Each structure stands twice: as C-alpha cells, then as structure tokens.
Amino acid sequence: MKSYLFVSLALLLSCNTVKKTEGQTPGSQLLKDVEILSSDAYEGRKTGTKGSEMAKTYIINRFKEVGLKSFSTDLQGYEQAFSFKSTQETITGKNLIGYIQGKSDSVIVISAHYDHIGVIKGEVFNGADDNASGVAALLKFCAYFAKNQPNYTLVFAAFDAEEMGLQGAKAFVAKPPVPLEKIKLNINMDMISHNDKGELYACGTFKHPWLKKYIIITNPNIKVLLGHDDPKQGHDDWTNQSDQGAFNAKNIPFIYFGVEDHKDYHKATDEYQNINKAFFTDAAESILEIINNIDKKRDSQKIFKDNLKMKKQ
C-alpha cells in the first residue's frame, strides 16, 4: 500500500532550492564517492574485513576534508567501536560519527550504513546502491552544512554491521555521544540510487504524521512517496528493516529514505554502472531539501508565505 505525496513547487525554484557546491558539476563528488566505495578494491565492505577498514579510512578522510567535528572526549576520533556475537565468533564493528554544531543543542542524527556483505564464492558484492549510495549522500550533506550552519546540531553517523542485524545503530543508541533525550529525529538513508521509475520512499510518517508537512520538494524529476511504514503491511513495513529501527525502538521519530528492492539487490550486480545516476543525484538533492525544511521549520504554508514576500520585494 502506498500513500503518494509529490509536491513540485516550480514557482519556488528561485528561492527554495539547495545551493550547489561552487566550482563543481552538481553531483560529481557524490558519484565519485559511490564509485570509490563500491569498487572491487573495497571487497564488499563486510564488517571486520580489510575492505571494511579501507572504507572506514576513506570515510574518515572525507569527514576531515569537509571539516566535521569529532566527539573526541567520548570516541576514538570519529570511531565508535562495538562488539557483538555472530554464531561462534565475536565481531568488532566501528561506527564513524561526527557532528556540526547548530544554533541549538537539539539533535538530528543523519545516518547511513557503510558495510555490505563482502565476497561470496569468489564474487565481490560491491553494494553500490546498498549502501555506498547512502554514505555518499551523507558526505554530501556534511559538506553542505559545514558551510551553512543549521539550527539543529547535526550528528552524522556512518553505521557498521547493518547487514548483521543493525548492530552499529543499536550500539549507537545504547551509548550515544549526546544525551538520547536531545535526539529529536533520525534521518536514515539506505539504497537511494537505483529506481527506474523515479520513485523514492520516505518511510516513517505513519507513526509520526507531523513530519508529512516537511516532505516538500521542488524537483519535478523525482517522486517522493510516503509508505512502507504501516504495521499491517507485514514484510512490506520497512519501519525496522534498516538502521532507523534502532531509533524507533527508543521512540525517536525517523524518516527512512530508500527505494524498493530491485533486480540487483544483494547480488554481485549491485555495481556502480548499474545505479541510476541522474535519479541518485536528484534523490540526494531532494533529501537535502527536506532536511532543510525540517531544520528551518519550513512547511508548505511557510514556503507559500515566503514566496509571496519574495514577489512583493
């Protein structure tokens, strides 16, 4: 069951679009990050492997590059190590966490998992859509808000071991670097680059309908759909099927952005060349626009009023 919401406000394009990074082709760094993280050299980024360590190093370097602050008193640099048992062994994972101080101490956690399922029977499962795409978008948002101070304090979390049962996200909410009561919202991204119909889902408004008013975009090339969050849908209810589930368990509101399963899901064919690059660029821009709407408390009424003021000037 789908609830359809697609608001294209073309008349607002001049005053409400997200700024493009100066000196770059829109989406170029975004696509570069996906291409690198989903290359064979990273061996599918399975938790606890050499490929995972390479991905960790790459993401940390990008955090430093954009100027993300670290919780140095609570974490080892950007790293939050955690351990969990899987069958007969104990596995250590590493979340990567940084933040941008906002004008208030209320927190939005923006997250994406960087692990995938590794090498299986000699084939590398590179996980371009799942979930190099979400990590690349997270890095894009880090860079944007480092130059545009938000109202909320934004905590950026690249979670490990999502594929092993949301272990990284569970470790985060069990021992967060900020008081749990300060976290007002989780925005999670998992698979946002591969859809042939231009459809991106925003899951979470069934339980938290107040979020609907902020899911407004100006890009006419993409459809944002509400759904996959009704408990009556059974397996099609995505509420607890990615890292937002750990936040939901703590009754923290969430929006999960993702696409429906596709032919390359959890297959070796989930490669950079098979993502929809134009769709992905549009999806990342639209998610950023929605984050800005929430941060500025900019709902449809405020956008309409602001536009009227612009016209009168």
Side-chain angles (χ1 to χ4, degrees), residues 20-21 24-47 49-63 65-66 96 110-144 156-163 168 188-201 219 221-222 242-243 256-288:
K20 300 294 190 296
T21 304
Q24 279 193 332
T25 303
S28 59
Q29 183 64 53
L30 181 79
L31 295 175
K32 180 181 176 182
D33 287 333
V34 174
E35 185 174 19
I36 290 171
L37 286 167
S38 63
S39 63
D40 284 348
Y42 288 76
E43 299 178 349
R45 307 185 308 279
K46 185 175 181 178
T47 300
T49 66
K50 174 189 170 185
S52 175
E53 283 293 309
M54 290 176 63
K56 182 199 76 173
T57 299
Y58 181 83
I59 295 166
I60 286 175
N61 286 337
R62 292 282 287 115
F63 277 5
E65 184 181 305
V66 301
L96 307 175
I110 301 174
S111 61
H113 75 91
Y114 71 93
D115 65 297
H116 195 50
I117 57 177
V119 180
I120 301 173
K121 295 181 180 179
E123 283 193 293
V124 181
F125 285 63
N126 282 317
D129 188 38
D130 186 11
N131 183 36
S133 66
V135 175
L138 182 142
L139 294 171
K140 172 186 175 71
F141 304 160
C142 289
Y144 173 83
F156 293 90
F159 289 134
D160 199 358
E162 187 272 349
E163 300 286 1
N188 186 48
M189 298 163 290
D190 191 353
M191 298 172 55
I192 59 170
S193 67
H194 191 156
N195 184 271
D196 297 327
K197 298 183 288 185
E199 295 178 349
L200 177 72
Y201 274 89
N219 189 335
N221 299 320
I222 189 170
S242 186
D243 288 320
Y256 160 50
F257 290 100
V259 299
E260 292 187 319
D261 291 354
H262 47 76
K263 62 182 177 61
D264 299 317
Y265 171 66
H266 273 202
K267 292 185 171 63
T269 50
D270 186 7
E271 301 268 13
Y272 175 72
Q273 62 265 28
N274 291 330
I275 68 171
N276 306 104
K277 296 175 182 62
F279 168 78
F280 177 41
T281 301
D282 289 338
E285 290 286 351
S286 295
I287 295 169
L288 179 52

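Below, each value reflects all heavy atoms present in this structure, side chains not excepted, and no hydrogens, waters or symmetry copies. These numbers were taken from a predicted model, which means no experiment stands behind them.
Side-chain contact check for L139 versus F63: some heavy-atom pair is nearer than 4.5 Å. Residues S133 and I275 are not in side-chain contact: their nearest non-hydrogen atoms beyond the backbone lie 4.5 Å or more apart. You'll find the side chain of T49 stays beyond 4.5 Å of the side chain of M54, heavy atoms only. Side-chain contact check for T269 versus N274: some heavy-atom pair is nearer than 4.5 Å. Put simply, the side chain of E260 does not reach to within 4.5 Å of the side chain of M191, judged on heavy atoms. Counting heavy atoms from C-beta on, the side chains of D190 and Y256 come closer than 4.5 Å. Taking 4.5 Å as the limit, some side-chain heavy atom of H266 sits within range of a side-chain heavy atom of D130. L31 places a side-chain heavy atom less than 4.5 Å from the side chain of Y272.
Distance check, rounded to the nearest 0.5 Å: CD1 of I117 to CD of E162 gives 11.0 Å. Once rounded to the nearest 0.5 Å, the distance linking NZ of K56 with OG1 of T47 reads 12.5 Å.
Considering all non-hydrogen atoms of both residues, A284 and L30 come closest at CB-CD2, 3.9 Å. Taking both residues in full, the closest heavy atoms of V124 and G44 are given as CG1-N, 3.7 Å, listed atom of the first, atom of the second, then distance. Across every non-hydrogen atom of I120 and F125, the tightest pair is CB-CE1, 3.6 Å. Of all heavy-atom pairs spanning K32 and Y58, the tightest one is O-OH, 4.5 Å. Shortest non-hydrogen contact noted between S52 and K46 is CB-O, 3.1 Å. Of all heavy-atom pairs between I222 and A283, the closest is CD1-CA, 3.4 Å.
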Steps toward side-chain hydrogen bond (donor to acceptor under 3.5 Å, both in side chains) verdict (N188, S242): CA-CA 8 Å; N188 186 48; S242 186; 3.1 Å; yes

side-chain hydrogen bond (donor to acceptor under 3.5 Å, both in side chains) assessment of N195 paired with N276: CA-CA 7 Å; N195 184 271; N276 306 104; over 6 Å; no

Trace of the side-chain hydrogen bond (donor to acceptor under 3.5 Å, both in side chains) decision for N126 with D40: CA-CA 7 Å; N126 282 317; D40 284 348; 2.8 Å; yes

Trace of the salt bridge (Lys or Arg N to Asp or Glu O under 4.0 Å) decision for K50 with E53: CA-CA 5 Å; K50 174 189 170 185; E53 283 293 309; over 6 Å; no

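Contact check on E285 versus K140 returns a salt bridge, with a Lys/Arg side-chain nitrogen under 4.0 Å from an Asp/Glu carboxylate oxygen.
Side chains of N219 and S286: a donor-acceptor N/O pair is absent below 3.5 angstrom, by distance only.
Judged by the 6.0 Å and 45° rule, K197 forms no cation-pi pair with F279.
A donor-acceptor pair under 3.5 Å is absent between the side-chain atoms of D270 and the main chain of Y265, judged by distance alone. Side-chain N or O atoms of S38 include none that pairs as donor or acceptor with a backbone N or O of A128 at under 3.5 Å. Of the possible donor and acceptor atoms, one in the side chain of D115 sits under 3.5 Å from a partner among the backbone N and O of E163.
Judged as a salt bridge (Lys or Arg N to Asp or Glu O under 4.0 Å), and not counting sequence neighbours, the contacts of E65 are R62. In terms of the salt bridge (Lys or Arg N to Asp or Glu O under 4.0 Å) criterion, D264 has no residue partners (sequence neighbours excluded).
A parallel orientation is assigned to the rings of H194 and H262, their planes being inclined by less than 30° (bins at 30° and 60°).
Applying side chain to side chain contact (heavy atoms under 4.5 Å, CB included) to Y114 and the options N131, L138, I59 leaves one that passes, I59.
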